[in-house]
Engineer: 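Pasting a structure below so you can have a look.
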Amino acid sequence: MKKIKKFKINRKIKLTIKKYLSYIIYAVISGFILSSGITLYVAHFGADILTIQSTENVNLILLFVLTVLFAIPLFILFVIKKKLYRCCIPLSMFGFSVIVLFPSTSQNPYFYLALAVAVACLALAFKDIFKDRKINFLDGVAFELGGTKYRGADLFVGGAAVLMTAIVSLGTIIRMYTFNNSAFDFGLFAQMYEYMATDFSQNSTLERNELLSHFAVHFSPVFYLFLPFYMIFRNPQSLLVMQAAVCFSGVFPLLLLCRKWRYSGGVTLALCGVFLCYPALTGACFYDLHENCFLTPFILWILYFLEKNKGLGIFIFALLLLSVKEDAGLYLIFIALYALFNKKVKKRFSIPLLIIGIGGFVGATIFINIFGEGIKVSRYNIYLIPGQDSLVSVVKNVVKNPAFFFSKLLSADKILFIVQMLLPLLFIPIRSRKLSEWFLISPFILINLATDYRYQFDINYQYVFGTGAMLIFLMAKNMRYSRKKLKTAMAAFMAAAVCLVGNAMPKYHYIDSYINNTERYEDAETLLKKIPRDKVIYACTFLTPHLYDCKELYMYPPIYNSEDWTNADYILIDTRYFGEAELMEEIEKITLNDYVQTDKASFIIVYQKEKV
């Protein structure tokens, strides 16, 4: 009996020692990971941390001291809260990733993707991390409004959406203040809104260097939704804020979808966090202004109402979707096919939706072909032979030779793009189990991959607003099949956040540029304000957004109608736009056409037509 008791005591002591030894090991490893990130940041403070190739400046003593300072409180925390120790290494790796990526001023996608993979793998590998259990302040009802109960998670998501809108708006506005927004695609829209505010037309002189309606280029009546707000805050900066707000408003239908699928508050918050941190959405918002930003919320609202079988909501947002652009009908067609093959969606919704999608796409195409410049078939020229110039020919050639189509889907750049789009979602969308869901992946293939137009497979351009929304929906829906939903959702959130920091932080270097060169930019702005708004003005591309209220504003050097520039009253040169030799050539060309320099400030030179 004594031997058995002694054996139990010895076993208990051994288990206790083993447990506390595990705490020490976990605390030291976590402390080292965090400390190495901080030490690296301190050693290369002010440098581009993503290009560091050596360890010469890293202080080993500081690394050791910080490791100890982190390990001691972590060990105490683990003793108090025993279940926390398994979370520490993934969270430490997440902290390390943010620390080393935060100050970066140039993108290295392979670096931040490697960090995101490490973070996600660690989060998924450790047992008992992020267990699926209710969290009272997230799952409990916070308040009731209009008969609807709102959980704590709802408040967090709403606050996070507002915060994300503010952060992205700040970055894009500062980019404008540093004269980095070009005529394509911001100056032309800023001028267009002044025309809209004046005569309700979508006219612009910048888009083709002649007075032309934007409807001749793209069918986008959705732009009028911005107009009431623009009339209140009548400046280009308000357009950037509205774009970010519209894009991130897509989190609300996603929030309601999580409710429908009965996800816990923790899972809901993590999935909405994935949406808000999805790097493609922020990257696209930074590329000036596009009507495509409406695709994100409109697509998610349609999918929400389809899941709820609410016909009125489906058709209202279907019509709104068709108003975004001439190719928006393609998204609607694939959504309708998803609904048609989905047993849980009523056929009385899916078939009319398919008809509306086909009719909308054909109608918008006919409109652009008759009254405008036609559909941009040139982006699919790889599928055309000499003498062909229509989408019908593209489809016919792909059907005739599908092998050629598949040969063009992948390249080094496209593989990187695929990883950038799917890694923050843990590749869950392409693990879809139902045929119907693959229809929602089709636009990603057709719009982003099946082209050699490089902007369409780049997460920093507008072509990801719609396809990204569909991929996020599939990721959230397929989370139902995960046995450990919270763990998977949190792993995706951390991967998305790391990718966001890695891709977005270089864009915020404009803030440093503005702070360090405030006087330079203010002098340039002051000079542009002195330019008469009722004259014919030709200006370099990065100056045009700041002259948005000029009715006859054209781009210099002109891309379209290049023979007309000598009719200008003023020519504004951005010296940053040209090399030294090119600048001298331009100045000589301008002066030979009877223009004289009348003003100069910062990087802008003003030339005025010499009076005869």
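Side chains included, hydrogens not; waters and symmetry mates left out as well; all remaining heavy atoms used. Counting begins at 1 with the first residue of the sequence.
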Engineer: If you measure only the distance, is there a donor-acceptor pair under 3.5 Å linking the side chains of Asn503 and Asn460?
Structural biologist: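 Present: a donor and an acceptor within the cut-off.
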Engineer: Rounded at 0.5 Å granularity, tell me how far SG in Cys247 sits from CG in Leu276.
Structural biologist: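 Cys247 atom SG to Leu276 atom CG measures 9.0 Å (nearest 0.5 Å).
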Engineer: Taking the side chain as everything from C-beta on, heavy atoms only, tell me whether Ile418 gets closer than 4.5 Å to Leu410.
Structural biologist: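 The answer is yes, as the side chains (C-beta and beyond) meet within the 4.5 Å cut-off.
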Engineer: Is any side-chain heavy atom of Thr488 closer than 4.5 Å to a side-chain heavy atom of Val267?
Structural biologist: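 They are not in contact (no side-chain heavy atoms under 4.5 Å apart), so the answer is no.
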Engineer: If we ignore angles and hydrogens, is there a donor and acceptor under 3.5 Å between the side chains of Lys408 and Thr451?
Structural biologist: no
Engineer: Provide the closest heavy-atom pair for Leu426 versus Arg431 in the form atom of the first, atom of the second, distance.
Structural biologist: O-NH1, 3.8 Å
Engineer: Checking Thr172 now: which residues fulfil side-chain contact (heavy atoms from CB on, under 4.5 Å) with it, not counting sequence neighbours?
Structural biologist: Val168, Leu240, Phe286
Engineer: Could you tell me the separation between the CD1 atom of Ile472 and the CD1 atom of Ile299, rounded to the nearest 0.5 Å?
Structural biologist: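 Atom-to-atom, Ile472:CD1 and Ile299:CD1 are 10.5 Å apart.
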Engineer: A side-chain contact here means heavy atoms from C-beta on lying under 4.5 Å apart; do Met555 and Asn209 qualify?
Structural biologist: yes
Engineer: Using atom types as modelled, flag every donor-acceptor pair under 3.5 Å from a side chain in residues 327-339 to any protein atom, sequence neighbours excluded.
Structural biologist:
| unit_1 | atom_1 | unit_2 | atom_2 | d |
| --- | --- | --- | --- | --- |
| Tyr338 | OH | Glu307 | OE2 | 2.6 |
| Tyr338 | OH | Asn342 | ND2 | 3.2 |
| Tyr338 | OH | Lys477 | NZ | 2.6 |

Engineer: Any Lys/Arg nitrogen of Glu373 or Arg208 sitting under 4.0 Å from an Asp/Glu carboxylate oxygen of the other?
Structural biologist: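 Looking at Glu373 and Arg208, the cut-off is met.
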Engineer: Centre of Phe457's six-membered ring, under 6.0 Å away, within 45 degrees of the axis: is that where NZ or CZ of Lys414 sits?
Structural biologist: yes
Engineer: Quick test of your reading of the model: are Asp549 and Arg234 salt-bridged, counting only N-O distances below 4.0 Å?
Structural biologist: no
Engineer: In plain terms, say whether Asp452 and Arg379 are close enough for a salt bridge, that is, a side-chain N and a carboxylate O under 4.0 Å apart.
Structural biologist: no
Engineer: Could you label the plane-to-plane angle of the Tyr383 and Phe404 rings as parallel, tilted or perpendicular, counting under 30° as parallel and over 60° as perpendicular?
Structural biologist: perpendicular
Engineer: Please confirm whether Lys325 makes a cation-pi placement over Phe219, using NZ or CZ under 6.0 Å from the six-membered ring centre and within 45° of the ring normal.
Structural biologist: no
Engineer: Would you say Met421 and Tyr278 make side-chain contact, with heavy atoms under 4.5 Å?
Structural biologist: yes
Engineer: Tell me if the OH atom of Tyr224 is crowded by more than 12 foreign heavy atoms within 6.0 Å.
Structural biologist: yes
Engineer: So, taking the atom named CE in Met192 and the one named OH in Tyr230, what distance separates them when rounded to the nearest 0.5 Å?
Structural biologist: 10.0 Å
Engineer: Should the pair Tyr193 and Phe226 be assigned to parallel (<30°), tilted (30 to 60°) or perpendicular (>60°) ring geometry?
Structural biologist: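 Ring orientation, 0 to 90° scale: tilted.
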Engineer: Restricting to side-chain hydrogen bond (donor to acceptor under 3.5 Å, both in side chains), what partner residues turn up for Ser432, sequence neighbours left out?
Structural biologist: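 Here the qualifying residues are Glu437, Asn478.
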Engineer: Working to the nearest 0.5 angstrom, can you tell me the gap between Lys485 NZ and Tyr263 OH?
Structural biologist: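 Answer for the NZ-OH pair, Lys485 versus Tyr263, is 6.5 Å.
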